[in-house]
Amino acid sequence: MPPAQRHPTMADVAERAGVSTSTVSRTLRGLSTVSPEVRARVEEAARELNFAVSRQAASLVTGRTGTMAVLVPTLNSWFMGAALSSLAPLLRAAGMELNVYVIADLAERTSFFERLPARRNADALLVFCFDLTDEETTRLDNLGMPVIYVSQHVEGRPSVYVDDVVGARRATRHLINLGHRRIAFAHTANVRGFSFSSRERLLGYQQALTEAGIPLDDDLVVATPPRDKRGTTQAVGNLLSLREPPTAIFAEQDELAASVISTLRTVQIEVPERISVLGFDDQLMAEWLDLSTVAQSPSDMGRAAAELALELINDSEADRSRHIVLPTHLIPRGTTAPPPAPQGEREANGPAQGRSV
């Protein structure tokens, strides 16, 4: 077959550069035993022939695949999009590719852990937002590659995350400091065994109330399926039907906070005049909605996870139980304010606005 009709080989590059195939191999693998003049000739010949070393062939020599794998429960979220986008520049600079495994339900999850397709197909695995069983964690321990847990803390394993307990405690204290005592917590139900930090944020909320001497009230904690407007309406309705409705609602995520605000406005309850609403994430929508929230940076988290993975790939002596904890920040905006005046004062100033759900 004429050269123009087949893929160029290392022998073709060697012939054009006037060197041996072993010299071409050493050059394209980046070894320092090749002189600058010979390296320039080989690289020029490779460019002219559009030749590239296959990753499969390179892995036979280096023992590496040149690929980083990620395991995620979804791609349809602000957090995942921002975190994965931040990986690209680092991987590009390291000459690595990205392989994404999406596990959207329990059946796919069972299949993944039975087959472990990432084995032998990557140099490291980033695991995002999974509430793993001990058996699943052990399976990943046996992959023979660095496994970094992202947006979650796994004891004894490399992890990159924000302290959701501290962030939620800070958010709840903000509402307490404004004068609120009836504070609700709205979260998404973890029905699939995937973790979106709701457990830790609920704990932070409860800790702040306890520290302030405010009794915990299970009626003020409501759950709704992810991205379920009807479920959010029901949850808000349950809160508004209490004998003492909340004067503030802390929502686990900005998207849920936006849905809560929409429901309150539908029934003509003003935010924050009647009920304050606070979220967690600081997505772009939070700024548009003037939403008070706790800010975290998934981009920083993705970059830190990739940097840690590259360190563990390249340094066998690196700490393989290292935890990187990134900060959160309270962003007060226009959806939080002091609670409304007591009922007697409101009646003196005119009838209250709003109607029941």
Side-chain angles (χ1 to χ4, degrees), residues 68-102 122-131 146-155 157-171 174 194-201 204 251-257 278-289 291-315 318-333:
M68 190 175 295
V70 299
L71 179 65
V72 298
T74 181
L75 291 176
N76 187 27
S77 78
W78 159 82
F79 182 92
M80 294 301 174
L84 294 182
S85 294
S86 69
L87 300 178
L90 288 169
L91 297 186
R92 191 181 307 118
M96 299 187 73
E97 294 181 350
L98 184 66
N99 194 0
V100 180
Y101 296 95
V102 182
D123 299 321
L125 174 66
L126 308 183
V127 180
F128 282 80
C129 302
F130 281 88
D131 190 7
V147 178
I148 295 86
Y149 295 88
V150 190
S151 191
Q152 57 196 312
H153 173 200
V154 180
E155 194 64 40
R157 279 84 172 180
S159 307
V160 180
Y161 56 97
V162 299
D163 193 327
D164 287 294
V165 175
V166 169
R169 195 162 61 226
R170 183 178 292 122
H174 168 61
F194 301 121
S195 173
F196 289 91
S197 304
S198 61
R199 183 173 53 210
E200 290 80 7
R201 293 174 190 176
E252 175 207 355
Q253 300 168 344
D254 287 348
E255 288 185 17
L256 180 55
L278 187 146
F280 198 118
D281 281 336
D282 198 30
Q283 301 184 36
L284 185 57
M285 71 158 61
E287 187 172 357
W288 294 343
L289 294 173
L291 174 67
S292 296
T293 190
V294 176
Q296 64 169 331
S297 174
S299 297
D300 289 347
M301 203 175 299
R303 279 190 293 270
E307 289 170 353
L308 180 55
L310 292 171
E311 177 185 345
L312 296 178
I313 290 170
N314 295 316
D315 183 1
D319 182 1
R320 295 179 181 268
S321 61
R322 181 180 170 195
H323 293 157
I324 299 175
V325 185
L326 300 179
T328 59
H329 307 282
L330 177 71
I331 309 294
R333 295 192 180 105

Grab the two heavy atoms, one from Pro158 and one from Arg320, that are nearest each other, plus how far apart they are.
CD-O, 2.8 Å

Contacts of Ser85 meeting side chain to side chain contact (heavy atoms under 4.5 Å, CB included) (sequence neighbours excluded), chain-then-number -> none

To check you understand the geometry: which heavy-atom pair defines the closest contact between Gln283 and Glu255, and what is its length?
NE2-CG, 3.5 Å

Who pairs with Thr328 by side chain to side chain donor-acceptor pair (under 3.5 Å), at least two apart in sequence or on another chain?
Arg170

Write down the atom of Asp163, the atom of Val325, and the distance for their closest heavy-atom approach.
N-CG1, 4.0 Å

Could you report the tightest heavy-atom contact between Ala69 and Ala122, atom names first, then the distance?
CB-CB, 3.7 Å

Would a 4.5 Å heavy-atom cut-off, applied to side chains only, mark Met80 and Pro73 as touching?
yes

Going by heavy atoms in the side chains, are Arg322 and Glu311 under 4.5 Å from each other?
yes

For the side chain of Arg333 and the backbone of Thr293, is there at least one donor-acceptor N/O pair under 3.5 Å apart?
no

Main chain of Ser297, side chain of Ser299: is a donor-acceptor contact present, judged purely on distance under 3.5 Å?
no

Please name the pair of heavy atoms, one in Ser198 and one in Glu252, separated by the smallest distance, quoted to 0.1 Å.
CB-OE2, 3.2 Å

How long is the gap from OG on Ser197 to OH on Tyr161, to the nearest 0.5 Å?
11.5 Å

Quick check: does any side chain N or O of His153 sit under 3.5 Å from a backbone N or O of Val160, one acting as donor and the other as acceptor?
no

Min side-chain heavy-atom separation Arg201-Val294 under 4.5 Å:
no

Has Gln296 got a side-chain atom pairing as donor or acceptor with Asp164's backbone, closer than 3.5 angstrom?
no

Mind running side-chain contact (heavy atoms from CB on, under 4.5 Å) on Val70 and Leu87 for me, showing each step along the way?
CA-CA 10 Å; Val70 299; Leu87 300 178; 4.0 Å; yes

Would you give the length of the straight line joining atom CG of Asp315 to atom CG of Leu310, rounded to the nearest 0.5 angstrom?
12.0 Å

Minimum heavy-atom distance Asp254-Phe280, with the two atoms named:
OD1-N, 3.0 Å

